[in-house]
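Taking it in order: structure first as structure tokens, then the write-up.
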Amino acid sequence: MKVEIWSDINCPFCYIGVSQFNEALADFDHAAQTAVIHRSFELDPTQPRGASGDVVAHLAGKYGFTEEQAAQGELQIAQKAEEFGLPYVTSGRDFGDSFDMHRLVHFAGESGRAEDMLLALFHANFGEEEKLFGSHERLVKIAVYEGFDEAQVRAVLADPDRYAQAVRDDEELARELRCQGVPYFVAERHFVLSGAQPAETYLDFLNQSWEHYSGTTST
């Protein structure tokens, strides 16, 4: 069975949702027969390449909040993340262009390690105080720490065309599937689940999808 997951490194709900999905997958009886494919989605594809800015200011401007309201929203998300055992830095984080990060996820996917790269970027964004966006050196550091070859990572980042079409193809497919927000989970292009959910909800999604995929009925 194939499960496709659209997410963006900017998205805290993707950070939470992918983590909870993985917990569910660990308890899923047919995990070994399930292929998970991570696909690209930019929350704000209009961001200039290399852009970076304060996340609280960005949220306030985007949604018409005061910065105090935006900061309070970050605290609420942090509380939810911590309930699931995920670190979440609430101040000083940035928001920006994630296109190069998505290219790196596709690069990692060629060696079957797309999720390793994605999770490392999530952790760097939400769980570490050092800013993430707008710095290729920061991305190189993260990738090398995860065991990727430094020269290969630098080569990808130096060539803006490498894996760019793969990112755009993912985003076009998301539009075709009427994905309007992330995280977005699609099993066998039939069952859809969106948003950050508890692991139990993802496990139900996997079981129901498997029943349809395998042609069996639960008893």
Side-chain angles (χ1 to χ4, degrees), residues 1-28 31 34-47 55-56 58-60 62-65 69-90 93 95-96 98 101-102 105 114-115 117-127 132 167 170-213:
M1 181 172 73
K2 180 172 70 175
V3 178
E4 297 163 282
I5 306 174
W6 277 262
S7 65
D8 185 29
I9 294 89
N10 278 299
C11 172
F13 302 107
C14 298
Y15 173 52
I16 295 170
V18 171
S19 172
Q20 287 298 290
F21 175 85
N22 284 342
E23 283 197 22
L25 188 64
D27 291 333
F28 180 47
T34 302
V36 177
I37 300 172
H38 289 282
R39 298 204 178 277
S40 304
F41 188 100
E42 295 170 276
L43 286 182
D44 185 358
T46 67
Q47 286 279 320
V55 69
V56 169
H58 170 80
L59 293 171
K62 181 176 181 178
Y63 296 108
F65 297 155
Q69 289 171 323
Q72 184 60 37
E74 281 290 283
L75 290 173
Q76 292 173 351
I77 296 173
Q79 183 178 12
K80 180 62 67 176
E82 289 166 4
E83 288 175 5
F84 294 126
L86 296 172
Y88 196 99
V89 175
T90 58
R93 289 197 305 103
F95 178 100
S98 59
M101 300 180 201
H102 287 296
V105 173
E115 183 165 283
M117 182 72 79
L118 180 66
L119 294 181
L121 292 168
F122 275 144
H123 179 78
N125 187 24
F126 298 105
L132 176 63
V167 176
D170 281 355
E171 294 178 331
E172 177 59 30
L173 182 56
R175 286 187 287 271
E176 291 175 6
L177 296 176
R178 300 182 180 180
C179 167
Q180 297 179 332
V182 287
Y184 195 72
F185 303 79
V186 181
E188 287 297 313
R189 303 283 172 90
H190 183 85
F191 283 96
V192 173
L193 182 63
S194 62
Q197 308 289 346
E200 294 82 1
T201 302
Y202 291 120
L203 185 56
D204 287 343
F205 166 76
L206 288 168
N207 283 323
Q208 291 172 17
S209 300
W210 180 264
E211 289 172 11
H212 171 82
Y213 169 74

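Side chains are part of it too, since the values below use all heavy atoms of this structure and drop only hydrogens, waters and symmetry mates.
In terms of heavy atoms, Tyr202 sits closest to Ala24 at CB-CB, 3.6 Å. Considering every non-hydrogen atom in both Ala187 and Ser209, the closest pair reads CB-OG, 3.3 Å. Taking both residues in full, the closest heavy atoms of Cys14 and Asp8 are given as SG-N, 3.6 Å, listed atom of the first, atom of the second, then distance. Between Val182 and Cys11, the shortest heavy-atom contact is O-SG, 3.6 Å. Contact between Trp6 and Ala174 at its shortest, heavy atoms only, is NE1-CB, 3.5 Å.
Evaluation of the side chain to side chain donor-acceptor pair (under 3.5 Å) rule for Asp44 yields Thr46, Gln47 as partners, not counting sequence neighbours. Judged as a ring-ring contact (aromatic ring centres under 6.0 Å, His included), and not counting sequence neighbours, the contacts of Phe28 are His30. For His58, there are no side chain to side chain donor-acceptor pair (under 3.5 Å) partners at least two apart in sequence or on another chain. For Tyr88, the ring-ring contact (aromatic ring centres under 6.0 Å, His included) partners are Phe126, not counting sequence neighbours.
Among residue pairs with one or both ends in residues 183-208, those qualifying as salt bridge (charged side-chain N to carboxylate O under 4.0 Å, His left out) are Glu4-Arg189; sequence neighbours excluded. Residue pairs satisfying the side chain to side chain donor-acceptor pair (under 3.5 Å) criterion with at least one member in residues 177-186, sequence neighbours excluded, are absent.
Between Thr201 and Gln20, every side-chain heavy-atom pair lies at or beyond the 4.5 Å cut-off. Two residues are said to be in side-chain contact when any heavy atoms from C-beta on lie closer than 4.5 Å; Gln197 and Pro183 fail this criterion. The shortest distance between side-chain heavy atoms of Leu177 and Val192 does not fall below 4.5 Å. The closest side-chain heavy-atom distance from Arg39 to Val186 is not below 4.5 Å. Side chains of Phe21 and Val36 form a contact here, defined as non-hydrogen atoms less than 4.5 Å apart.
Rounding to the nearest 0.5 Å places NE2 of His102 at 9.0 Å from CG of Leu121. Here the straight-line distance linking atom OG of Ser98 with atom CD1 of Ile9 works out to 5.5 Å at 0.5 Å rounding. How far OG1 of Thr90 is from CD of Gln72: 10.0 Å, rounded to the nearest 0.5 Å. In this structure, CD on Glu74 lies 5.5 Å from CG on Leu59, to the nearest 0.5 angstrom. Considering CG of Leu86 and CZ of Phe122, their distance stands at 10.5 Å, rounded to 0.5 Å. Note that CG of Leu25 is 11.0 Å distant from CD of Glu23, once rounded to the nearest 0.5 Å.
Ring orientation note: the planes of His212 and Phe191 are nearly perpendicular, at an angle over 60° on the 30°/60° scale.
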Check the pair Cys179, Phe41 against side-chain contact (heavy atoms from CB on, under 4.5 Å), reporting the backbone distance first and the verdict last.
-> CA-CA 9 Å; Cys179 167; Phe41 188 100; 3.7 Å; yes

For side-chain contact (heavy atoms from CB on, under 4.5 Å), just list the numbers for Asn125 and Met101, CA-CA rounded to whole Å, side-chain angles, deciding distance to a tenth of an Å, and then say yes or no.
-> CA-CA 11 Å; Asn125 187 24; Met101 300 180 201; over 6 Å; no

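Within a 6.0 Å radius of CZ in Phe13, no more than 12 heavy atoms belonging to other residues, nucleotides or ligands are found. Heavy atoms from other residues, nucleotides or ligands lying under 6.0 Å from NZ of Lys80 number 12 at most.
Side-chain N/O atoms of His38 and Asp170 include no donor and acceptor closer than 3.5 Å.
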